[in-house]
Asker: 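The structure that follows is given in the form of structure tokens.
Keep in mind the model is a prediction, meaning the values are calculated, not measured. Numbers for residues simply follow the sequence, beginning at 1.
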Amino acid sequence: MSDLEKDPAEVVCSGSEQGPVFELLEPREVVLGRSTKVRRLLPNKDRRMVGAWCFVDHYGPDDLTQRVDSYDAPGERGMLVPPHPHTSLQTVSWLFEGEIEHRDSVGSHAFVRPGELNIMTAGNGIAHSEVSTPDAPPRLHGAQLWVALPDSVRTTTPPAFNAYADLRNSTWTAPTSR
């Protein structure tokens with residue numbers, strides 16, 4: 001996580017009797033790996049964080065048969081994000097479609113699938129990769145949220161990867177703008 005503000009201004013929220021504030025954040029396109037495109041809602045030019053959420057990415061639905069992500073491996077398809085480091089945060093990943101293989105520096109090896117919640121805690125440091133498997137379903141669609149760990153545990157929490165399978169399916173309706 002990058003935070004270039006050395007002394008950010010404190011914003012005090014007093015609340016309102018009119019209820020919660022609806023704010024539509026416009027995503028920007030970011031390329032991960034060779035060509036995996038995500039729509040990043042946070043951070044953006046008007047809002048750095050929402051609570052502890054410091055990054056919010058949405059990707060897909062992508063037809064992986066129509067796209068090649070490759071590092072000198074012709075014919076490979078899907079997501080290919082090579083090993084990269086993280087510190088001081090947690091990533092929370094949820095797939096709607098597809099499959100991603102996760103490997104990390106603490107020895108975790110897992111297949112991320114729809115209906116599972118996957119949490120990677122970077123703590124004092126972890127490196128991981130995310131790739132589509134050769135026999136993965138042809139479509140990839142998911143979301144990843146990044147949580148800034150509290151200062152008190154940011155550099156002392158040991159790195160870890162946890163997968164929670166068989167979560168209850170639910171239907172969500174997007175809010176409408178006012």
Asker: Do the side chains of I119 and L149 join up, straight or via other hydrophobic residues, at under 4.5 Å, putting them in one cluster?
Answerer: no
Asker: Can a salt bridge be assigned to the pair E26 and R28 using a cut-off of 4.0 Å between side-chain N and carboxylate O?
Answerer: no
Asker: Taking all heavy atoms of P82 and all of S129, pick out the closest pair and write down the distance.
Answerer: C-CB, 3.9 Å
Asker: Look at the aromatic rings of H128 and H86 and report parallel, tilted or perpendicular, splitting at 30° and 60°.
Answerer: tilted
Asker: For the residue pair V92 and L117, what are the closest heavy atoms and their distance?
Answerer: CG1-CD1, 3.4 Å
Asker: Quick one: does any side-chain atom of D104 pair with a main-chain N or O of G107 as donor and acceptor, under 3.5 Å?
Answerer: yes
Asker: Test side chain to side chain contact (heavy atoms under 4.5 Å, CB included) on L140 and I100; report intermediate values, then the result.
Answerer: CA-CA 9 Å; L140 183 62; I100 296 172; 3.9 Å; yes
Asker: Atom NE2 in H84, atom CD1 in I126: separation rounded to 0.5 Å?
Answerer: 10.0 Å
Asker: Which heavy atom of P114 sits nearest to which heavy atom of G98, and what is that distance?
Answerer: CD-O, 3.1 Å
Asker: Decide whether F161 and M79 are clustered together by the hydrophobic rule: side chain heavy atoms of Ile, Leu, Val, Met, Phe, Trp, Tyr closer than 4.5 Å, transitively.
Answerer: yes
Asker: Take H109 and E101 through the test side chain to side chain contact (heavy atoms under 4.5 Å, CB included) and record every step on the way to the result.
Answerer: CA-CA 7 Å; H109 179 214; E101 184 176 11; 2.5 Å; yes
Asker: Passes side chain to side chain contact (heavy atoms under 4.5 Å, CB included), L145 versus T91? Steps please.
Answerer: CA-CA 6 Å; L145 301 102; T91 60; over 6 Å; no
Asker: Measure the OH-CZ distance between Y59 and F96 for me, rounded to the nearest 0.5 Å.
Answerer: 8.5 Å
Asker: Looking at every non-hydrogen atom in both residues, tell me the closest pair between Q90 and T121 and how far apart they are.
Answerer: NE2-OG1, 2.8 Å
Asker: Mind listing the closest non-hydrogen atom pair of P159 and G125 along with its distance?
Answerer: CG-O, 3.2 Å
Asker: Search all heavy atoms of P158 against all heavy atoms of N124 and return the closest pair with its distance.
Answerer: CA-OD1, 4.4 Å
Asker: Is it true that H102 and F111 have ring centroids separated by less than 6.0 Å?
Answerer: no
Asker: Is it the case that Q144 and H58 place a side-chain donor and acceptor less than 3.5 Å from each other?
Answerer: no
Asker: Look up atom NE2 in H141 and atom CG in L95, then write down how far apart they are to the nearest 0.5 Å.
Answerer: 9.5 Å
Asker: Between E99 and T133, is there a side-chain donor-acceptor contact under 3.5 Å, judged purely by atom types and distance?
Answerer: yes
Asker: Check whether any side-chain N or O of R113 sits under 3.5 Å from a backbone N or O of A165 as a donor-acceptor pair, and report yes or no.
Answerer: no
Asker: When you measure from the side chain of S105 to the backbone of A127, do you find a donor-acceptor pair of N or O atoms at a distance under 3.5 Å?
Answerer: yes
Asker: Supply the atom-to-atom distance S108 OG to M120 CE, rounded to the nearest 0.5 angstrom.
Answerer: 9.5 Å
